[in-house]
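In this text, all values refer to a predicted model and were calculated from it rather than measured experimentally.
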Amino acid sequence: MAKQSSSSSSPFDPSISNPRARNHCQTLVLIFLIFFLPIIISLFLYQPLSFNPAPLPHDYSYEATITIPTKHNKILELTERIGDGFLEGPEDLAYESETRYLYTGCADGWIKRINLVDDGKFEVENWVRIGEHSRPLGVVLGLKGELIVADAYEGLLKVNPDKTIELLTKEAEGVKFGLTDCLDVANDGTIYFTDASYKYNLENYMLDTLEGRPYGRLMSFNLSTNQTVVLVRDLYFANGVSMAPDQNSLIFCETPLRRCKRYHIQGEKKGTVENFVENLPGLPDNIRYDGESHYWIALLTEKRPALWDVIFKYPILRKILYIIEQFVTVPKSMKNSGVLSVTLDGQPVALYSDPALDLTTSGLKIGNFLYYGSLYKSYISRIDLTKIEATHDE
């Protein structure tokens, strides 16, 4: 009985009779050689010493997203621009009700303020420049008219009414702040703030997210004793901070985990942390209390299951992205940003978003208006909530 010989054919073998099939195979091989083979080789040859992606914590839910009762998903149609062209990346907002000044920190190192007295005019003033190489992020008013600033590079600062600047703190437990981010002030004058990542600075904040390791900290600073205390360690990109109205606790955000937690400052639960709201529909940045029984959480971008979940389930994919970024810029798909309002116990109320909106970093309700900031845009946005309620109910 004769044996039937078999042999594997190369995609470039002229014996393949169908020219279309042969060309298709050749194309696939070329794609592999051009795009995928260098990546595979890089995984073995290029071993970044400082970037070591890890799985997200076991309690993180990849699939789940909370149900939001009311959604307004076309807010740009009714958005008004304030200070257009004069505000470079107005990241956070602080409002002084007596003078009706709105303060914000910009990418050019300036603290600017906008006069809201003459509604519709919105004069922008270059108030104080922190420094040429500074990047003021979080801003909040203190108890004596001063402005407390979380500067990404300089640390925690105080800007006095006479415009003098004081450095309050820039390290804790011998570890310098890598990215001083958000803050709030309690009624007793204590400043609560976050160091988003002691490893990565602002330019490399995406690496902190991709690495998936907890380099963030929640801290307090006492103006009387000049003491900095680390309250919570091992946080995943610690971000927004907002005091609870009863002053017994505060809420802080962890951006990549899509959640906010409550830290108990005093009472029976003093020093403990518990969940406030989880499975947000996007990545949280700043959070602000409005004095009317609601918190407003800015969402940098929506959660995109097809992309986000796959990347974060498999650390090897994040390592590949990191390696590719060393040679080419990988597009960052961020869209459908907005602001979410929740109750005092973390129950979602309404989401204000838009498919064309990205990198919303703060939301502040003043009267009937919602003001929101951005990391890169050249203006502050404002929407009239009474109008949007009437035209975009879902």
Side-chain angles (χ1 to χ4, degrees), residues 56-73 92-93 138 140 181-187 192-194 196 214 216-218 220 231-232 234-303 308 336-353 360-365 370 372 385 389 394:
L56 293 184
H58 68 278
D59 60 343
Y60 174 74
S61 175
Y62 287 95
E63 306 298 335
T65 297
I66 56 173
T67 300
I68 301 170
T70 306
K71 294 182 179 180
H72 311 282
N73 57 13
D92 192 18
L93 308 172
V140 65
D181 201 347
C182 301
L183 74 171
D184 204 356
V185 176
N187 288 345
Y192 295 92
F193 66 103
T194 53
R217 297 178 289 177
L218 172 68
S220 67
L231 304 174
V232 186
D234 301 327
L235 298 175
Y236 291 81
F237 205 89
N239 213 319
V241 179
S242 181
M243 293 296 302
D246 63 7
Q247 301 291 298
N248 290 327
S249 64
L250 60 81
I251 311 299
F252 67 89
C253 303
E254 288 183 283
T255 299
L257 300 188
R258 298 186 294 118
R259 70 187 184 191
C260 302
K261 289 195 167 187
R262 184 189 299 275
Y263 173 79
H264 291 274
I265 299 170
Q266 52 192 1
E268 293 182 357
K269 296 182 178 180
K270 181 179 179 179
T272 63
V273 177
E274 61 186 16
N275 292 331
F276 176 69
V277 58
E278 296 183 288
N279 304 320
L280 291 168
L283 308 184
D285 197 306
N286 278 293
I287 178 171
R288 287 289 177 224
Y289 175 61
D290 64 4
E292 301 173 356
S293 301
H294 291 91
Y295 294 100
W296 295 79
I297 305 170
L299 302 176
L300 288 163
T301 181
E302 68 175 348
K303 174 185 180 286
W308 188 259
N336 217 2
S337 180
V339 183
L340 173 69
S341 65
V342 300
T343 63
L344 294 182
D345 58 358
Q347 295 301 310
V349 176
L351 175 63
Y352 301 83
S353 64
T360 300
T361 52
S362 57
L364 183 64
K365 184 177 182 293
L370 174 63
Y372 58 98
L385 295 175
E389 291 287 355
E394 288 191 353

What are the two closest non-hydrogen atoms of C260 and C253, and how far apart are they? SG-SG, 3.1 Å
With sequence neighbours left out, what residues match Q266 under side-chain contact (heavy atoms from CB on, under 4.5 Å)? N248
May I have all residue pairs that pass ring pair (Phe, Tyr, Trp, His ring centres under 6.0 Å) and include part of residues 236-269, sequence neighbours excluded? none
In short, R262 meets D345 closest at the heavy-atom pair NH2-CA, 4.4 Å
I265 side, atom CD1; S249 side, atom OG - distance, nearest 0.5 Å: 6.5 Å
Rounded to the nearest 0.5 Å, the OG atom of S362 sits from the CG atom of L300 at a distance of 10.0 Å
Just by distance, do the side chain of S341 and the backbone of W296 share a donor-acceptor pair under 3.5 Å? no
Using side-chain contact (heavy atoms from CB on, under 4.5 Å) as the criterion, list what pairs up with S353, not counting sequence neighbours. N73, N336, L351
Give a yes or no on whether the backbone of T194 and the side-chain of D181 come within a donor-acceptor separation of less than 3.5 Å. no
For E292, the salt bridge (charged side-chain N to carboxylate O under 4.0 Å, His left out) test, sequence neighbours excluded, returns K365
In the structure I gave you, are the side-chain heavy atoms of P256 and L283 within less than 4.5 Å of one another anywhere? no
Indicate the atoms forming the closest heavy-atom contact of T67 with P348, along with that distance. O-CG, 3.3 Å
Begin from the C-alpha positions of H294 and V342 and carry the test side-chain contact (heavy atoms from CB on, under 4.5 Å) through to its verdict. CA-CA 6 Å; H294 291 91; V342 300; over 6 Å; no
Applying ring-ring contact (aromatic ring centres under 6.0 Å, His included) to Y295 and not counting sequence neighbours gives F276, Y289
CZ-CZ distance between F193 and R217, expressed to the nearest 0.5 angstrom: 8.0 Å
Taking side chain to side chain donor-acceptor pair (under 3.5 Å) as the definition, give me every residue that meets it alongside D234, ordered by chain and number, with sequence neighbours left out. none
Side chain to side chain donor-acceptor pair (under 3.5 Å) filter on S337, not counting sequence neighbours, yields T360
Using 0.5 Å steps for rounding, measure from the CG atom of L280 to the OG1 atom of T65. 9.0 Å
Apply salt bridge (charged side-chain N to carboxylate O under 4.0 Å, His left out) to R258 and list each qualifying residue two or more places apart in sequence or on a separate chain. none
I'd like to check the side-chain contact (heavy atoms from CB on, under 4.5 Å) partners of N275; sequence neighbours left out, ordered by chain and number. K261, E278
Contact between V339 and I297 at the side-chain level, heavy atoms closer than 4.5 Å - yes or no? no
T255 to P284 - nearest heavy-atom pair and separation: OG1-O, 2.7 Å
Within-4.5 Å side-chain heavy-atom neighbours: L218 and L250: yes
Applying side-chain contact (heavy atoms from CB on, under 4.5 Å) to N187 and not counting sequence neighbours gives Q247
Nearest heavy-atom neighbours spanning A298 and T361: CB-C, 3.3 Å
Minimum-distance pair of heavy atoms, taken over all atoms of A238 and L235: CB-CD1, 3.8 Å
Could you tell me whether the side chain of L364 reaches within less than 4.5 Å of the side chain of L370, counting heavy atoms only? no
To the nearest 0.5 Å, atom CG of N286 lies from atom CG of N239 at 6.0 Å
Under the side-chain contact (heavy atoms from CB on, under 4.5 Å) rule, what do V140 and V185 come out as? Steps first, then yes or no, please. CA-CA 7 Å; V140 65; V185 176; 3.6 Å; yes
Holding to salt bridge (charged side-chain N to carboxylate O under 4.0 Å, His left out), I want the full list of residues that pass it with D59, two or more places apart in sequence or in another chain. R259
Strictly by salt bridge (charged side-chain N to carboxylate O under 4.0 Å, His left out), give each pair with a member in residues 280-289 just once, sequence neighbours left out. D92-R288
N/O donor-acceptor pair under 3.5 Å between S242 side chain and I251 backbone: no
